Amino acid sequence: MTTIETDEFRKLLEAERTRLLDAVAFLERENAGSLVEERGELTGRGDNNHLADMATATYDRELDEGLGDGAQYTLDEIEAALRRIEDGSYGVCEVCGKPIGAERLSAIPWARLCIDDARRLR
Ligand SMILES: [Zn+2]
């Protein structure tokens, strides 16, 4: 079996974690300010654009929240992967116990399953 270079994946995971934390912090700042901002804009205009503006604002907020949830989920997975590196179980499929291919780990460093099990369980 090929030994997986965990240091490399740790760096990948930590870089991705930093990127996601930045993204989440950015979204939280945006969302905190957006309600006030939108209301101010709406009151300043005529009636014609109200519905369209509100629809757009709601749509934007839903998109942001969706991204936030996805980021939080990935952050949890990254934390779990970093713990697996610490305890030496990183890169092993949780279902069949075989090593997860390095190629797959490069694409998804927090992968818990080998490509075969990931496909089967999808
Ligand atoms: Zn497997």
Side-chain angles (χ1 to χ4, degrees):
M1 151 185 171
T2 333
T3 313
I4 290 168
E5 202 45 74
T6 49
D7 275 356
E8 210 168 292
F9 290 111
R10 191 205 305 267
K11 276 184 211 132
L12 281 177
L13 287 161
E14 284 170 350
E16 184 67 8
R17 179 172 62 179
T18 305
R19 199 182 67 79
L20 285 171
L21 285 173
D22 282 352
V24 169
F26 174 76
L27 286 177
E28 278 171 1
R29 267 201 311 277
E30 279 241 302
N31 286 335
S34 62
L35 276 177
V36 179
E37 215 172 278
E38 281 157 19
R39 208 171 294 136
E41 261 178 43
L42 288 174
T43 51
R45 289 188 199 166
D47 284 327
N48 289 348
N49 291 327
H50 275 193
L51 277 179
D53 279 355
M54 273 188 271
T56 309
T58 307
Y59 180 67
D60 284 350
R61 202 144 50 226
E62 276 167 8
L63 271 186
D64 283 354
E65 276 167 17
L67 179 57
D69 287 350
Q72 191 54 58
Y73 173 79
T74 308
L75 279 170
D76 289 347
E77 290 297 304
I78 288 171
E79 291 295 341
L82 286 168
R83 280 197 294 276
R84 290 199 297 278
I85 288 178
E86 293 304 320
D87 70 20
S89 65
Y90 181 77
V92 175
C93 175
E94 288 186 351
V95 173
C96 66
K98 287 182 197 155
I100 301 170
E103 212 172 290
R104 174 164 165 75
L105 287 173
S106 299
I108 313 170
W110 53 88
R112 293 164 179 269
L113 304 173
C114 69
I115 188 78
D116 292 339
D117 286 312
R119 279 194 187 130
R120 201 167 50 223
L121 295 172
R122 187 169 290 158

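Note that ligands are numbered from 1 as they come in the structure, with each ligand's atoms numbered from 1 the same way. What you see is a predicted model; the values in this text were computed from it and never measured. Quick note: numbers below take in every heavy atom, side chains included, and nothing from hydrogens, waters or symmetry partners.
Considering only heavy atoms from C-beta on, Cys96 comes within 4.5 Å of Cys114 through its side chain.
If you count the protein N, O or S atoms nearer to the Zn ion (ligand 1) than 2.8 Å, you get 4.
Legend: ring pair (Phe, Tyr, Trp, His ring centres under 6.0 Å) pairs involving residues 102-122, not counting sequence neighbours: none detected. The stretch residues 79-101 participates, sequence neighbours left out, in these ring pair (Phe, Tyr, Trp, His ring centres under 6.0 Å) pairs: Phe9-Tyr90.
Looking at residues two or more places apart in sequence or on another chain, you find a salt bridge (charged side-chain N to carboxylate O under 4.0 Å, His left out) between Glu79 and Arg17.
Contact check on Glu16 versus Arg19 returns a salt bridge, with a Lys/Arg side-chain nitrogen under 4.0 Å from an Asp/Glu carboxylate oxygen.
Ile108 contributes atom CD1, which lies 11.5 Å from atom CD1 of Ile78 (distance to the nearest 0.5 angstrom).
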